[in-house]
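The basis for the numbers below is simple: all heavy atoms, side chains too, and nothing from hydrogens, waters or symmetry mates.
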Amino acid sequence: MLQPLRILFRPKWMVSRSSASYVSRMRHLNKIKEEDEACRAALQSGNIFLYHKLAPLLRRTDSGIYQLPALQTKDVEEILEKLGEDKEMVKESILINCTEQNEAQFSFDVGAIEQAAVEELCRGTFVDLRKAFFLLRGSEAPLVARGQALLRWHQTNGFCSSTGQPTQRNQSGSQRLCHSSGITYYPKMSPVVIVLVSDGKRCLLGRQSTFPRGMYSALAGFCDIGETMEEALCREIAEEVGLEVESIQYSGSQHWPFPQSSFMVACHATVNPDKTHVSVDKVELEDARWFSLEEVQEALTIKAPPRNNKGEPTVFWVPPNYAIANRLIQEWANQQHLKS
C-alpha cells in the first residue's frame with residue numbers, strides 16, 4: 001500500500017514573513033496584473049530584466065559574481081532610442097512579479113535588435129538560461145526562469161487554436177484574448193513528477209543522453225491526462241527502471257523552464273530492498289544505477305560542471321542547487337545521516 005503524502009518540511013517564509021505585508025503585496029500585484037492602466041503606471045516606475053531571444057542579460061561584478069541587472073524603464077527607453085528603435089517598444093514588457101517594496105518587475109525581449117549593441121550599452125552579456133543557473137545566486141534564478149517562461153509563452157501563442165485569428169495580450173501579459181471567438185488564453189505549465197527512489201540504503205539516479213557528461217539526476221516524467229500524481233510516479237518508475245514503488249513521500253514543487261514550462265512535483269519513493277534489480281528503458285534513459293551515501297556526498301560537493309581531461313574517468317555529479325532534484329538528493333543524504 002502506498003503511504004499518504006506528507007510534508008517533509010515547512011517552508012521558511014511561512015514562519016518569518018509578515019502576513020500583513022505579504023497580503024498587501026499580493027493584492028497590489030493582482031491589481032497591476034488585471035488592470036491595464038495600473039500596469040502602465042507600474043511599468044513607468046518598475047524594473048525591467050532584459051532578454052535576447054530568451055537569453056537573460058547578466059552582468060559580472062568586479063568580484064567575479066554574476067548578477068541579474070534590474071534596469072529602470074527610463075534607462076531601457078534611452079537604450080532603445082540610442083539604437084534607433086522606438087522607445088514605445090518597452091510597453092511590450094511582461095509583468096513577472098513585484099518586490100517587497102511593491103516595485104513591479106518586468107521581462108522584455110530585445111531579440112530583434114543586434115545583440116552586441118545591447119550588451120555594450122548595458123555593460124552585460126546575454127547568457128543561455130541553463131548556463132545562467134550556474135552563475136546566479138539566491139532568488140535570481142527562479143525570477144529569471146519565470147521571466148523567460150512568460151516571454152516564451154507569448155511568442156508561441158500569438159494565434160487562437162479555434163479560429164486561427166491573432167490573439168491580443170492585456171498590458172501585463174497575464175492573458176491573451178481572441179476577439180473573434182471570445183476565448184481567453186492563460187499561461188500554462190505541464191505537470192511533471194520527479195522522484196528520488198531509495199531501497200533504504202542507496203538511492204537510484206539516472207541520466208539521459210542529453211545530460212552533461214557525468215551528471216545523474218532523479219527520475220522524472222510528464223503526467224498523462226487523467227492520471228493522479230501518484231499514478232504518474234509509479235508508472236514512470238515502472239517504465240524507466242522496472243521497479244515497483246511501495247511508498248511515497250511528498251517533498252515540494254518548482255517551476256522548471258525546460259523544455260518549455262513544467263510544474264515539477266517532487267517526491268521520495270521507496271522500493272522493496274529485496275527487489276532492486278534495475279531494468280533500464282534505453283528509449284527513456286541512457287543509464288540508471290544505485291548510488292551509495294558516500295558517492296552522493298562527494299557529488300554534492302561539486303558546485304559546477306566538472307572538466308574531465310582527456311583520458312581521465314568521467315566525474316559523477318548531480319544537478320545544481322537551484323534544481324529541485326538537488327534538494328531531493330540533499331534530503332535523502334540528510335535522512336541517511338539521521339539513520340546512522
S.K.: Side chains of S198 and W332: do they bring a donor and an acceptor to under 3.5 Å?
M.R.: yes
S.K.: Quick one: does T99's side chain have a donor or acceptor within less than 3.5 Å of a partner on Q101's backbone?
M.R.: yes
S.K.: Less than 4.5 Å apart, any side-chain heavy atom of L143 and any of F49?
M.R.: yes
S.K.: Would Y186 and W153 count as a side-chain contact (heavy atoms from CB on, under 4.5 Å) if you check the C-alpha gap in whole Å, the side-chain angles of each, and the deciding distance to 0.1 Å?
M.R.: CA-CA 9 Å; Y186 298 94; W153 182 79; 5.5 Å; no
S.K.: Check step by step if side-chain contact (heavy atoms from CB on, under 4.5 Å) holds for K275 and L243.
M.R.: CA-CA 8 Å; K275 299 179 180 179; L243 296 175; 5.9 Å; no
S.K.: Answer yes or no: is there a donor N or O on one side and an acceptor on the other, between the side chain of N334 and the main chain of Q330, under 3.5 Å?
M.R.: yes
S.K.: Can you confirm whether H154 sits close enough to R169 that some side-chain heavy atom of one is under 4.5 Å from a side-chain heavy atom of the other?
M.R.: yes
S.K.: Is I329 close to L205 at the side-chain level, that is, under 4.5 Å between some pair of heavy atoms?
M.R.: yes
S.K.: Could you please spell out the steps behind the salt bridge (Lys or Arg N to Asp or Glu O under 4.0 Å) verdict for R202 and D199?
M.R.: CA-CA 6 Å; R202 302 171 298 171; D199 66 354; 2.9 Å; yes
S.K.: So which atom in L328 and which in L196 form the shortest heavy-atom distance, rounded to 0.1 Å?
M.R.: O-CD2, 3.4 Å
S.K.: Apply salt bridge (Lys or Arg N to Asp or Glu O under 4.0 Å) to the pair E231 and R235, showing each step before the final yes or no.
M.R.: CA-CA 6 Å; E231 290 171 338; R235 173 183 55 77; over 6 Å; no
S.K.: So, the side chain of Q175 versus the backbone of E34: is there a donor-acceptor pair under 3.5 Å, distance only?
M.R.: no
S.K.: Determine the minimum heavy-atom distance between E236 and A220, stating which atoms define it.
M.R.: OE1-O, 4.0 Å
S.K.: To check you understand the geometry: which heavy-atom pair defines the closest contact between I113 and M89, and what is its length?
M.R.: CD1-CE, 4.4 Å
S.K.: May I ask you to test the V265-P191 pair for a side-chain heavy-atom distance under 4.5 Å?
M.R.: no
S.K.: On the 0 to 90° scale, with breaks at 30° and 60°, tag the F134-W317 ring pair as parallel, tilted or perpendicular.
M.R.: tilted
S.K.: Does the side chain of L177 come within less than 4.5 Å of H179's, by heavy atoms?
M.R.: yes
S.K.: Please report the shortest heavy-atom distance between Y185 and C160, naming the atom on each side.
M.R.: OH-SG, 3.1 Å
S.K.: If the plane angle is over 60° it's perpendicular, under 30° parallel, otherwise tilted; pick one for F126 and H52.
M.R.: tilted
S.K.: Could you tell me whether a side-chain N or O of S279 sits under 3.5 Å from a main-chain N or O of V241, the two making a donor and an acceptor?
M.R.: no
S.K.: Side chains of L129 and P56: closer than 4.5 Å at any heavy-atom pair?
M.R.: yes
S.K.: Would you say R176's side chain and T167's backbone share a donor-acceptor pair under 3.5 angstrom?
M.R.: yes
S.K.: Is there a donor-acceptor contact under 3.5 Å from the side chain of D287 to the main chain of R207?
M.R.: no
S.K.: For the pair E78 and K74, evaluate salt bridge (Lys or Arg N to Asp or Glu O under 4.0 Å) and give the outcome as yes or no after the intermediate values.
M.R.: CA-CA 6 Å; E78 184 177 337; K74 59 183 179 62; over 6 Å; no
S.K.: Evaluate H255 against S261 for side-chain contact (heavy atoms from CB on, under 4.5 Å), listing each step before the verdict.
M.R.: CA-CA 7 Å; H255 167 251; S261 278; 3.5 Å; yes
S.K.: Between E92 and D109, is the side-chain contact (heavy atoms from CB on, under 4.5 Å) condition met? List the steps.
M.R.: CA-CA 9 Å; E92 298 173 10; D109 197 301; over 6 Å; no
S.K.: Can you confirm whether N97 sits close enough to L29 that some side-chain heavy atom of one is under 4.5 Å from a side-chain heavy atom of the other?
M.R.: yes
S.K.: Which pair of non-hydrogen atoms, one from V278 and one from W290, has the smallest distance, and what is that distance?
M.R.: CG2-NE1, 3.4 Å
S.K.: Any side-chain to backbone donor/acceptor pair from S190 onto F222? Under 3.5 Å, distance only.
M.R.: no
S.K.: Are the side chains of V90 and S93 in touch, meaning some heavy atoms are under 4.5 Å apart?
M.R.: yes
S.K.: When you measure from the side chain of Q254 to the backbone N and O of P142, does any donor-acceptor pair fall under 3.5 Å?
M.R.: no
S.K.: Between the side chain of E227 and the main-chain N/O of D224, is any donor-acceptor distance below 3.5 Å?
M.R.: yes
S.K.: Would you check if the side chain of Q336 reaches a backbone N or O of L293 as a donor-acceptor pair within less than 3.5 Å?
M.R.: no
S.K.: Which pair of non-hydrogen atoms, one from I32 and one from S172, has the smallest distance, and what is that distance?
M.R.: O-CB, 3.6 Å
S.K.: In terms of the angle between their ring planes, are F133 and F258 parallel, tilted or perpendicular, with boundaries placed at 30° and 60°?
M.R.: perpendicular
